Amino acid sequence: MAVTLPPGVYRRDIAQKSPAYVAICTQTAIPDGQTIDTTSNTLQSRMGVLTPTGASATDIVLSYPQFSCNIPEADFGVTYTVRAAIEYPAGTFTPVWTAAGSRDLVVAPGRGMVSFQPAPVWIPAGTKFWVKTFASWTPGNFYLSNHAASWISGDGTRRGTGLTDDTTTAATPVTTSSAGFGPSVYGRLSNPSVVLGLIGDSIMQTAVETGEPTTNWSFVERAMRGVVPVLNTARNSDSMALYLQRNEGRMSALRDSITHLFMGLGRNDLGASSLATMQANYAKIIAPFLVRGVKVYGNSITPYVTSSDGYVTVANQTIVSAGGRETVRVQFNDWLRTNWASLGLSGFYDWGRAIDPTDSGKWQVDGTPGQSAQGFATLTGGAVSSVAMGSFLTSSNSGGFNYPLSTTVACVVTNYPGTPGSGAAVTGSTNGSGLVTSYAVDAAGSGYTYPPMVSPRGSWTNDGIHPDARGYDQIISLCNIRPDTLVL
């Protein structure tokens, strides 16, 4: 079933004429099927999102999935009924309605999205609002999404038996899991704007990064800095071969609601597909977007290694080459580097060489122990005034692990590409368990217009597959991933 959004497309050929229905905020609500509720029959959720900094939004459409991004994509496990409301400003609720004038929207398993009618709510540019959802169903396989409406303060998903509709009540459900549930959010922006979609695996999904604690943005989402809305449909363990088995659901979510796409699949095809098959599948995946005028960007694949010292040194890493995966990775990356323009791509991000500039097949390192900690800077008058720990609903902080015990660690302060400022210096303090517990600003710097990235020196990966915060910062910086390079 095709998405039931109101008429309107947003291709380059009409982008300069009038606003259309697009994804209006950064969001990751498509169910990934990693968590399945088999016992509850009701759910309450509250999901906070922000409009882009350069455009206000109205005619807001809430769309609920008939599918889950299992591997491969599959029908949703149950038929469910939803009621929903838009909360803006905080504590003020606008219920949404079906075309028949009902607050109840029935969503049957299928291959698309089912939507409420547009809500006449106006949200200023760069402003947070919330979507509240109440869902009910006969117990079965109810699919949820990691970190959606369940991860940051102000959000929440509560599941249980016999819960009641709270969509017009000033309350936040209490989350007990890192998995939650909410709609995809579309609408009209006040002027033509870039809207970015993501397809990929766990690296694009950012399965191992905690993310920014007030927005829930990670990797590409935070690289866009709130300027460009991002609709993230990536799913860990996905591959090009699995995506091509079934993708109608994600296509219905993305098809007419984005202007640009980052295509990040390929890692999980290594060792399972030949180079020729990967090349053919890549072209098949991007073709429908290119035909619709969407600007597509590709990336190279990062290394896969094991380590005997926690990824502290390059020498103690061992390349995983089973099934010829490393040989094909190098060949596929070289093919993309050479042919991205002729394939129709509008750009290419060399993630592989950002992490491994000499194509050694191994991750670069800082040469000191520690993994996955991340700090979040605050600016005052263009200077870094403080750096905070991230605090999340089901995780105490973003302190990482394996740092030197009960001491201080130097941090790397990196500007988001295209943003000015320099001179800030930060150190982190660790506890007796090797977790970073706080940050001190040693030098405030000057001239910053956007808070820089902060990560303690240590590994660039915590498992030899995924970048951790330090690795993601490097990819964002060295690949120049920034909103102003994406143009209509």
Side-chain angles (χ1 to χ4, degrees), residues 25-50 62 64-65 68 76-78 80-96 103-105 107 128-185 205-207 209-218 221 232 376 388-399:
C25 51
T26 294
Q27 50 194 293
T28 57
I30 298 295
D32 55 29
Q34 295 178 79
T35 302
I36 305 173
D37 189 321
T38 60
T39 60
S40 299
N41 68 1
T42 44
L43 169 152
Q44 303 164 334
S45 76
R46 184 179 191 245
M47 180 178 75
V49 290
L50 286 89
L62 307 181
Y64 288 85
S68 176
F76 206 87
V78 296
Y80 61 98
T81 301
V82 287
R83 290 187 176 187
I86 296 161
E87 182 181 354
Y88 176 78
T92 299
F93 304 93
T94 300
V96 293
R103 287 208 61 203
D104 293 329
L105 180 73
V107 184
K128 190 164 190 174
F129 66 101
W130 297 264
V131 175
K132 298 199 70 177
T133 297
F134 172 70
S136 59
W137 64 93
T138 300
N141 289 337
F142 194 95
Y143 296 116
L144 301 159
S145 182
N146 193 42
H147 290 194
S150 61
W151 190 239
I152 62 172
S153 179
D155 284 11
T157 296
R158 180 187 179 196
R159 294 174 275 131
T161 300
L163 302 180
T164 58
D165 176 11
D166 72 338
T167 55
T168 57
T169 302
T172 300
V174 176
T175 288
T176 56
S177 165
S178 64
F181 184 78
S184 295
V185 185
Q205 185 189 21
T206 54
E209 185 184 7
T210 55
E212 206 282 331
T214 62
T215 61
N216 203 22
W217 300 339
S218 55
E221 300 156 3
N232 192 341
F376 303 95
M389 302 295 301
S391 180
F392 305 92
L393 296 177
T394 58
S395 175
S396 58
N397 58 43
S398 53

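Quick caveat: nothing in here was measured; it's all calculated off a predicted structure. Atom set for the values below is all heavy atoms of this structure, side chains included, hydrogens, waters and symmetry mates excluded.
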Please check if the side chain of [X] supplies one atom and the backbone of [Y] the other of a donor-acceptor pair under 3.5 Å.
{"X": "R46", "Y": "A171", "result": "no"}
{"X": "W130", "Y": "D155", "result": "no"}
{"X": "S145", "Y": "T28", "result": "yes"}
{"X": "E209", "Y": "G211", "result": "no"}

Heavy-atom closest pair, residues [X] and [Y]:
{"X": "A179", "Y": "T157", "value": "O-CB, 4.4 Å"}
{"X": "Y64", "Y": "G182", "value": "CE2-C, 4.2 Å"}
{"X": "S398", "Y": "F392", "value": "CB-CE1, 4.1 Å"}
{"X": "P183", "Y": "A29", "value": "O-CB, 3.3 Å"}
{"X": "F129", "Y": "V185", "value": "CZ-CG1, 4.2 Å"}
{"X": "T167", "Y": "F134", "value": "CG2-N, 3.5 Å"}

Rounded to the nearest 0.5 Å, what separation is found between the [atom1] atom of [X] and the [atom2] atom of [Y]?
{"X": "E87", "Y": "M47", "atom1": "CD", "atom2": "CE", "answer": "12.5 Å"}
{"X": "W217", "Y": "Q27", "atom1": "CH2", "atom2": "CD", "answer": "12.5 Å"}
{"X": "S150", "Y": "L144", "atom1": "OG", "atom2": "CG", "answer": "8.5 Å"}
{"X": "I152", "Y": "S391", "atom1": "CD1", "atom2": "OG", "answer": "11.0 Å"}
{"X": "W151", "Y": "E212", "atom1": "CH2", "atom2": "CD", "answer": "13.5 Å"}
{"X": "L163", "Y": "N41", "atom1": "CG", "atom2": "CG", "answer": "7.5 Å"}

**Prompt:** Between F76 and Y80, what is the ring plane arrangement, given parallel below 30°, perpendicular above 60°, and tilted in between?
**Reply:** tilted
**Asked** In chain order, what residues pass the salt bridge (charged side-chain N to carboxylate O under 4.0 Å, His left out) check against E221, with sequence neighbours excluded?
**Response** none
**No-hydrogen, no-angle side-chain donor-acceptor test under 3.5 Å, T206 and S218** = yes
**Prompt:** Can you list the residues that meet the side chain to side chain contact (heavy atoms under 4.5 Å, CB included) rule with D166, with sequence neighbours excluded?
**Reply:** Q44, K132, T169, P173
**Asked** T81: what forms a side chain to side chain contact (heavy atoms under 4.5 Å, CB included) with it, not counting sequence neighbours?
**Response** D104, V106, S136
Less than 4.5 Å apart, side chain to side chain, heavy atoms only: is that true for [X] and [Y]?
{"X": "N146", "Y": "T35", "answer": "no"}
{"X": "T39", "Y": "P139", "answer": "no"}
{"X": "L62", "Y": "V131", "answer": "yes"}
{"X": "F142", "Y": "P31", "answer": "no"}

**Ring-ring centroid check Y143 F181, cutoff 6.0 Å** = no
**Fill in**
Exactly one candidate in V82, T168, V96 meets side-chain contact (heavy atoms from CB on, under 4.5 Å) with R103; the answer is T168
**Prompt:** What do you reckon, is CZ of R83 surrounded by more than 12 foreign heavy atoms closer than 6.0 Å?
**Reply:** yes
**Message:** Does F376 form a side-chain contact (heavy atoms from CB on, under 4.5 Å) with T214? I'd like the steps, not just the answer.
**Reply:** CA-CA 10 Å; F376 303 95; T214 62; over 6 Å; no
